[in-house]
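First the structure, in the form of structure tokens, and then the observations on it.
Order of the sequence lines fixes the chain letters, A, B, ..., with proteins taken first and strands second; residue numbering starts at 1 for each chain.
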Amino acid sequence: MAQLPILQSEDKIVETVEKNPVVVVIGETGSGKSTQLSQILHRSGYTKSGCIAVTQPRRVAAVTVSRRVSQELNVRLGEEVGYAIRFEDRTSEKTIIKYLTDGVLLRESLSNPELTQYSVIILDEAHERSLNTDILLGLMKRLIKFRASNLKVLVTSATLDGEKVSRFFSNCPILNVPGKLFPVEISYSLERPKSYIEASLQKALDIHIREPEGDILIFMTGQDDIEKLVSKLEERIRKLDEGSCIDALIYPLHGSMPPELQIRVFSPPPPNCRRIIVSTNIAETSLTVDGVVYVIDSGFVKQRQYNPSTGMYSLDVVQISKVQANQRAGRAGRTRPGKCYRLYPSMAYKDDFLDATVPEIQRSSLAGSILYLKSLNLPDIDILKFDFLDSPSFEALEDALKQLYLIDAIDEEGSITSLGRTMAELPLEPSLSRTLLEANECGCLSQALTVAAMLSAETTLLIGQSKSAEKKRKHTPSNLPNGSGLGDHIQFLQIYELWHQTDYNTDWCKDNNLQVRGMMFVKDVRKQLCQIMQKIAKGSMDVKTSRKRREDPDYRALRKALCSGYANQLAERMSRHNGYRSLGFKSQLVQVHPSSVLRTDEDGMYPDYAIYHELIATTRPYMRNVCAVEMHWVRPVLAKLDNLNVSKLSGGASQSLEKIQPENSSLQKDGGNATEPVEDRESKIRAARERFLARSRQANK
DNA sequence: GAGCACTGC
């Protein structure tokens, strides 16, 4: 094996780590930092006083990297070298080098905030800025103060933000480790094309006809565009004169494809044949296809973002960042020198592209993370002034506190409640943790466990289908239950109960268009939730079937529990039509998503009140996964909304926080009225409550 | 009557 570049810097690394509590290591792809840093520190004795932890943003990475290190050290995986990911802990008392996902390390710090078992913590791939890594960065900054004598922290990052991470850790040293990428020649378009599909098609055909062999990787934004381009490519390549150029195999590649189809891409092509892979950004970091020599980059990506003032997610096509553009280009230089064709002008890259992708922490709802931080009970840290590498907006923090207050996870002063503490232990969104705890009181825990597990995996359940396949499917109506018309949560419960009756038969999943992988994941989640709930469960947690339904045919207990958990995700129907108004946020008109199984009554009207799992703006604002609830369950929630005092929740920090936020305000630029005054919001909540009371009076007549 | 990128506890 050729010597990895990082080993030439071994002495320098050891010396720098010796002298500094935190070191930033910048190493490009192929530098060997993921496999070698841990071994270097092991060799220099850091495993004598504890274990070396290396975090990874993805599970597969934790598994594959630890496997390689165990081979290099010639030990059995799970002994001296091991890994820990959700549902799987392959470590033992012998373990001295442990690879784990950042989420698992966060869970560990919940039960052991000082992380005393570790002498070294390496946050690998920190430039990806996953939500969990960002929280870990903040926690590490605090931890090195308390464990200055016996903890070393290493952060690996991409070139562009190494300086920033260093500044965050009091100007800690930065070490550069060369990568092992081949040069990639980059060319730009003169102008932005009218159609990215057409431009990609032309460019791919050009390369295929004129350039020597080597696979082509094309980055598109989503399944739809990928399928269009694949069929156009197939048609055009079929029409090429036989013998005028080598053969081509065209593969789509995206996350909603079943794994067996994804794997196809990795089988090497037959001789005299070029692979053309049309992919989402799954091929940017998660999957690496060897043999790619040409990259075509559309310059766009689909990104999910959260608007804290409306509680709504949107999935937008946005311009990629410079870091992403370079990551995409690098995919062409893994095996030999390559070429990258950017379908945008060089000026666009220089002037329009952000340096780095907006970190996830500034694009997500923070209720779960804030609850987690509050449950750590760090006396020296005010959560709202928590030292993030990039701070989330004030609105996002305020929104998280409001959500947590409405579901009783924190009290009026913003302190965590005992309920909140239990919720933080569950690996679920706060709304679902709250539902479980309420269900435990109402005697429907087993049902709630199923619903929570199903919603944890929801997007991966239904097999991703193209539009044409969908049309075909309409002729064969689904045999799946319909949630008794009460909503999608109930349907999820009924589906799982049926699957349980088949003894978790995988063919049953396939027959019903359910992703086997997704359903197995649900089963694992449910099992994990049962283990955590064991201590406090008041009733059986086994999957119940028809017997239970006779006792409560309308699932009233479960829907009432859901109403507590989703207190912040509540909507009231408009009086004359089937549109809903979301309560508790800036007034927002939303529709039931057409895929919902929620049923209308004999007059064609939806129920007066419903809870929703999420609001998502696509062509219009939709509530996805809704469930009918009853008016009198909603009453206490509205009372709580009425008494809401956000500045009290943040411990009066609102004023000072607003002052230190201005640099984040640009993020909200496109989010509409993110800065609506609190008084406006409160008056709207009051108006909603008045409408509710009027409706109550009418109902009582 | 519409459409969903990618991760993770």
Side-chain angles (χ1 to χ4, degrees), chain A residues 55-62 84-89 100-111 125 128-136 219-227 253-257 279-287 298 300-305 313-318 320 324 357 359-360 363-364 368-369 371-372 423-430 432-433 452-453 456-471 474 521 524-525 528-529 531-532 578 591-598 600 614 616-625:
Chain A
T55 69
Q56 295 290 326
R58 276 172 295 281
R59 287 192 214 154
V60 266
I85 59 177
R86 190 178 191 180
F87 310 131
E88 202 184 354
D89 184 350
L100 69 180
T101 49
D102 44 20
V104 169
L105 188 62
L106 273 181
R107 285 284 140 194
E108 287 186 358
S109 91
L110 199 55
S111 51
E125 315 287 357
E128 289 191 23
R129 303 293 307 275
S130 74
L131 181 57
N132 287 338
T133 298
D134 267 19
I135 292 172
L136 282 171
F219 284 104
M220 304 294 290
T221 57
Q223 185 179 349
D224 248 33
D225 287 359
I226 288 171
E227 280 168 10
L253 184 61
H254 52 81
S256 47
M257 274 166 59
S279 173
T280 59
N281 53 334
I282 194 170
E284 211 174 272
T285 48
S286 304
L287 299 179
S298 65
F300 287 100
V301 67
K302 244 179 215 168
Q303 210 171 58
R304 193 178 146 97
Q305 21 223 1
Y313 279 96
S314 58
L315 194 65
D316 309 316
V317 173
V318 301
I320 59 173
Q324 272 178 300
T357 314
E360 204 184 344
R363 292 187 279 121
S364 319
S369 303
L371 178 62
Y372 170 81
M423 286 165 59
E425 281 180 49
L426 289 157
L428 291 170
E429 298 160 40
L432 290 173
S433 323
S456 296
E458 192 269 323
T459 49
T460 55
L461 287 185
L462 282 170
I463 286 174
Q465 312 201 19
S466 65
K467 280 181 178 166
S468 55
E470 183 78 7
K471 268 178 204 155
K474 275 191 179 162
F521 180 80
D524 282 339
V525 174
Q528 190 189 25
L529 296 176
Q531 284 164 358
I532 299 171
N578 268 336
Q591 308 289 326
V592 175
H593 196 277
S595 67
S596 173
V597 294
L598 184 69
T600 54
E614 71 172 0
I616 176 110
T618 50
T619 48
R620 303 157 78 182
Y622 287 110
M623 299 187 282
R624 272 188 69 245
N625 294 328

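Rounded to whole Å, the distance from CZ on A:R304 to C1' on B:dA5 is 10 Å. Rounded to an integer number of Å, the gap from A:I226 CD1 to B:dG3 C1' is 14 Å. If you measure from atom CD1 of A:I616 to atom P of B:dG1, you get 21 Å, rounded to the nearest angstrom. As a whole-Å value, the separation of A:R86 CZ from B:dT7 P is 15 Å. Rounded to whole Å, atom P of B:dG8 lies 19 Å from atom CZ of A:R129. Put simply, CD on A:Q56 is 16 Å from C1' on B:dC9, counting in whole angstrom units. Atom CD1 in A:I135 sits about 14 Å away from atom P in B:dC9, given to the nearest Å. Remark: P of B:dG8 and CG of A:L100 are 13 Å apart, rounded to the nearest angstrom.
Looking only at atom types and distance, the side chain of A:S130 has a donor-acceptor partner in the side chain of A:D102 under 3.5 Å away. Using a 3.5 Å distance cut-off with no hydrogens or angles, the side chains of A:S109 and A:Y372 do pair a donor with an acceptor.
Across all strands, A:V104 comes closer than 4.0 Å only to sugar-phosphate atoms, never to a base (heavy-atom distances). Residue-level contact check: A:S130 touches neither bases nor backbone, having no heavy atom under 4.0 Å from any strand. Backbone-only engagement by A:Y622 is indicated by non-hydrogen atom pairs under 4.0 Å involving sugar-phosphate atoms exclusively.
With respect to A:E360 and A:R304, no salt bridge is recorded, no charged nitrogen being found less than 4.0 Å from a carboxylate O.
Looking at residues two or more places apart in sequence or on another chain, you find no side-chain hydrogen bond (donor to acceptor under 3.5 Å, both in side chains) involving A:R620. For A:D316, the side-chain hydrogen bond (donor to acceptor under 3.5 Å, both in side chains) partners two or more places apart in sequence, or in a different chain, are A:Q305, A:S314.
When the nucleotides B:dA5, B:dT7, B:dA2 are ranked by their closest atom to the side chain of A:R620, B:dA2 comes out on top. Closest to the side chain of A:P427, out of B:dG1, B:dT7, B:dC9, is B:dC9.
When the nearest nucleotides of DNA chain B are assigned to A:L428 and A:Q303 by heavy-atom distance, the more 5′-ward of the two goes with A:Q303. The 5' end of DNA chain B is approached more closely, in terms of each residue's nearest nucleotide, by A:I282 than by the other of A:I282 and A:L426.
Between A:T619 and B:dA2 there is no side-chain polar atom (N or O) within less than 4.0 angstrom of OP1 or OP2. For the OP1/OP2 pair of B:dT7 and a distance below 4.0 Å, the side-chain nitrogens and oxygens of A:T101 include no atom meeting the criterion. Contact annotation: A:T280 side-chain N/O to B:dC6 OP1/OP2 distance is under 4.0 Å. Side-chain N/O atoms of A:R59 include one lying less than 4.0 angstrom from OP1 or OP2 on B:dC9.
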